[in-house]
Amino acid sequence: MQATGTKAPAAAPPGREPGRLLKALLRLAGGKKKRRKPPKVGGLASLAHTQTGQSLPDVALLLREDGARQVLVNGDAAFWAEAERELAGFALTWCSTQFNDLAAGARNAASLDPAAFDAVVAGGADAGLRFRFSIRETARANPAIPVHWVGEKFEFCRGTLPAPSDADEVEALLTNHFGTFFGIKDPLQFRIEIYHGAEMRRFWRILGPGQSHLIRLGEHFPARRFPVAISTMVCHPDLTRGRHYRLRVCADVFWKGSLTTLHSAHEFRRDPEEHVEFRIAPERVRGGRLVMTVPNYERNLAADRGLEWSAGANRFQRARDPQSFIEEVRAEKPAESMSGFFDCHYRGYGGSFWFAQEPANAAPLAGFISGNHHIQTRRVDRTDMALAPDERARIETLERQGFMLDPHGVPLTGADSVLRFGFDCDAANPPFRDFLVYWFDGAGKLIARMPYAKDRPGTVFADELLDAFDHPGRAEARILFFTPDWLKAGIRRKGFKMLPELVVEHRGSGDRDVTEFQSSWRNLGLAIPDFPHWLTPSHAVVGRTNLLARARQGGGYRSALLVVNGSGRLDYAEAAGTEITVLNHDGAELSCHIEVPAFGWRLVWLDEAIPGLARHLAPTGVGTLLVQSGDADLNAQVVTLGDHGAVSLQHLWGY
């Protein structure tokens, strides 16, 4: 629900315990026990943390919620007897994939048409095998029929993506990527729930490897008064083999002709008492307002239901609604100069997002929207981050040996390009303003290193920095890599929240979007103790690329891939052969090959590189974007451009 807020304290409303259905959903999503972040085992999340269980009473609640009547039960004789007790009131048909059950009255599962039933339930002995069989047969008959499982230690992955109450539309692409990333060749069933304030709509979809489904918010909630969120979840005997429970859709949120592209959040199995706080630099909003979503997807709020937010000196608070899956707060940017930050804090979990809504300065755009997921950081500046002498000496040694720590590559597009790129780190905690900028030419050769003191707030664009680059090789510069000047700033690197953002701007309309800026501290060729690769130490030694997002082509929009082949090692010289593949909803592929030089970048417009792309993606104009390279660990973003001047940006991700 929308939070208007007052400056006066507000009393928390009395809460109600979740009903039986919600309790079942809570158990399916990980239970109500207080749990912190997953323990690490050999660099991976513990297998138990990615597993879940489900009982027949849980399934009965889901069946009733979905209005099922005719139910096919695949199980052994003991499971059938239990199903007759627990699923009383449904019209049940017993089937089995085991020959010995046929003598006891079961029908041969392979001879039945799942399309004749409202739902399928699999369990008992060999529950995993029965479930996999039922999914395969149902996918052929009708991929929208739910197939429920009963058992323990199934793996799950889930993600949630919220949007403001006044979003014109949200389109989220859900892809079965588990074959690409984990070798799971089974069709998988996805449970899709859409939340609107305290309302929820649910449906199911079975997708084969590489297949996708476009979720359109307007098809489920045509008229909206509250903020919304799209939740996607998949359960299977094996998914990630204990690596994680993240499931990401790639979504476009449309508002007043503009759009922002985002991926799902994945905060589950956490303590309702967990303290969440984050802050956003005021320059992220040039005018207008900041909308921050506040999740309660499990509807299990802690006793402390206070919600606080601010816009600089203007502070607000209210009580949260325990019945709403998703709420929002709106912070107007003061007309006068704003000091401090936008910020928000509460107790709970689920993953907040922020959206900047700004007035447009160029028709036909009626407004600009940009957005990103929150990053947990203290609202008040930290004073305990001084650089220790031993870390200072270590950084000095690395710089002498030819390393740039935490480099972020920003391309120089040139004045003839409609797009330009920049960065900011203004919400960093503690704040800092000192950088080192490394300039490279088109062949990946280092031109020079330049100190840069950021003397104003807001985004710094690459072409602006080029204007300040007084060097004979200036005309040859094609990309810059900026790093914090750790030594001059005197800030401890470990635990520091830099909060970098990559920004794209349309030169004509002024529309902007941002994404979480991933470091190019990769392709090092060796593991450096105390300065690991941001994912795992092994990736610093052996780099490769397997990244995912969405492509959009048609309806006045086109997408491009921005890919950077960077490294923290200055003598890095490996070119990266790269495959760009676009899959349509059926999983059919079109692809092209590009080469990206060391310390180089490419902006590849997909419709130019892949002939027939619009026809390939018809009728929705949306498909899965897959980027792969066995040569290097690339940094990649998808840029989407509208014919009317809208632009969006989102980094690709891997698992």
Side-chain angles (χ1 to χ4, degrees), residues 1-10 163-168 225 227 253-260 277-294 307-318 327-346 352-372 374 377 379-381 420 422-429 431 433 454-461 464 499 501 503-514 645-648:
M1 300 181 68
Q2 180 172 326
T4 55
T6 66
K7 295 184 181 181
S165 56
D166 56 354
D168 295 323
R225 296 183 300 126
V253 178
F254 297 88
W255 182 76
K256 295 185 180 299
S258 181
L259 78 162
T260 180
E277 64 177 318
F278 57 94
R279 70 186 194 181
I280 298 157
E283 288 72 28
R284 184 50 47 231
V285 184
R286 291 170 288 179
R289 70 186 66 87
L290 194 77
V291 182
M292 293 169 278
T293 62
V294 182
L307 172 61
E308 297 184 15
W309 70 99
S310 71
N314 298 322
R315 305 201 63 80
F316 306 89
Q317 58 182 354
R318 66 177 290 273
E327 298 180 80
E328 70 181 17
V329 296
R330 292 175 167 249
E332 299 289 336
K333 186 170 184 179
E336 65 276 10
S337 178
M338 176 178 164
S339 61
F341 295 89
F342 292 104
D343 65 50
C344 186
H345 80 113
Y346 55 88
S352 287
F353 282 61
W354 62 262
F355 299 86
Q357 296 179 331
E358 306 171 326
N361 56 15
L365 289 170
F368 298 146
I369 188 171
S370 58
N372 202 3
H374 87 292
T377 188
R379 296 177 297 157
V380 178
D381 290 348
R420 65 172 181 164
F423 72 93
D424 79 54
C425 312
D426 287 352
N429 195 345
R433 60 190 295 271
K454 191 170 182 289
D455 57 3
R456 63 170 178 81
T459 300
V460 178
F461 288 96
E464 296 172 337
L499 302 183
E501 291 177 330
V503 182
V504 65
E505 181 180 80
H506 190 289
R507 292 181 190 268
S509 70
D511 194 12
R512 292 181 182 178
D513 200 15
V514 306
V647 66
S648 75

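Since the structure is predicted, the reported quantities are computational estimates derived from the model, not experimental observations. For reference, positions follow the sequence shown, starting with 1.
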Where the side chain of [X] meets the backbone of [Y], is there a donor-acceptor pair that is under 3.5 Å apart?
{"X": "T260", "Y": "V253", "answer": "no"}
{"X": "E283", "Y": "D426", "answer": "no"}
{"X": "T459", "Y": "F423", "answer": "no"}
{"X": "E277", "Y": "R379", "answer": "yes"}
{"X": "N429", "Y": "V380", "answer": "yes"}
{"X": "K333", "Y": "M338", "answer": "no"}

Shortest non-hydrogen contact between [X] and [Y], atoms and distance:
{"X": "A427", "Y": "A281", "answer": "CB-N, 3.9 Å"}
{"X": "S509", "Y": "G645", "answer": "OG-O, 2.6 Å"}
{"X": "A311", "Y": "F342", "answer": "CB-CE2, 3.6 Å"}
{"X": "G367", "Y": "A360", "answer": "N-CB, 3.5 Å"}
{"X": "A646", "Y": "G257", "answer": "CB-O, 3.4 Å"}

Quick one: are [X] and [Y] in side-chain contact, heavy atoms under 4.5 Å?
{"X": "D381", "Y": "R279", "result": "yes"}
{"X": "D343", "Y": "R315", "result": "yes"}
{"X": "F316", "Y": "C344", "result": "no"}
{"X": "W309", "Y": "R318", "result": "yes"}
{"X": "P227", "Y": "S165", "result": "yes"}

Problem set entry | Carboxylate-amine/guanidinium proximity below 4.0 Å for R456 and E464 | yes
Nearest-0.5 Å distance, [atom1] of residue [X] to [atom2] of residue [Y]:
{"X": "W255", "Y": "F355", "atom1": "CH2", "atom2": "CZ", "value": "12.0 Å"}
{"X": "S310", "Y": "H345", "atom1": "OG", "atom2": "NE2", "value": "8.5 Å"}
{"X": "L365", "Y": "L259", "atom1": "CG", "atom2": "CG", "value": "9.5 Å"}
{"X": "Y346", "Y": "L307", "atom1": "OH", "atom2": "CG", "value": "8.5 Å"}
{"X": "F368", "Y": "D513", "atom1": "CZ", "atom2": "CG", "value": "12.0 Å"}
{"X": "M292", "Y": "R330", "atom1": "CE", "atom2": "CZ", "value": "11.0 Å"}

Exercise. Can you check side chain to side chain contact (heavy atoms under 4.5 Å, CB included) on D166 and Q357, steps first, answer last?
Worked result: CA-CA 10 Å; D166 56 354; Q357 296 179 331; 3.0 Å; yes
Problem set entry | side chain to side chain contact (heavy atoms under 4.5 Å, CB included) between W354 and V514, intermediate numbers included | CA-CA 11 Å; W354 62 262; V514 306; 3.7 Å; yes
For this session: Dump the intermediate steps for side chain to side chain contact (heavy atoms under 4.5 Å, CB included) on E358 and R512, then the final yes or no.
Result: CA-CA 10 Å; E358 306 171 326; R512 292 181 182 178; 5.7 Å; no
Exercise. So F278 and H374, would you call those rings parallel, tilted or perpendicular, with 30° and 60° as cut-offs?
Worked result: tilted
For this session: State which residues pass salt bridge (Lys or Arg N to Asp or Glu O under 4.0 Å) with K256; sequence neighbours excluded, sorted by chain then number.
Result: none
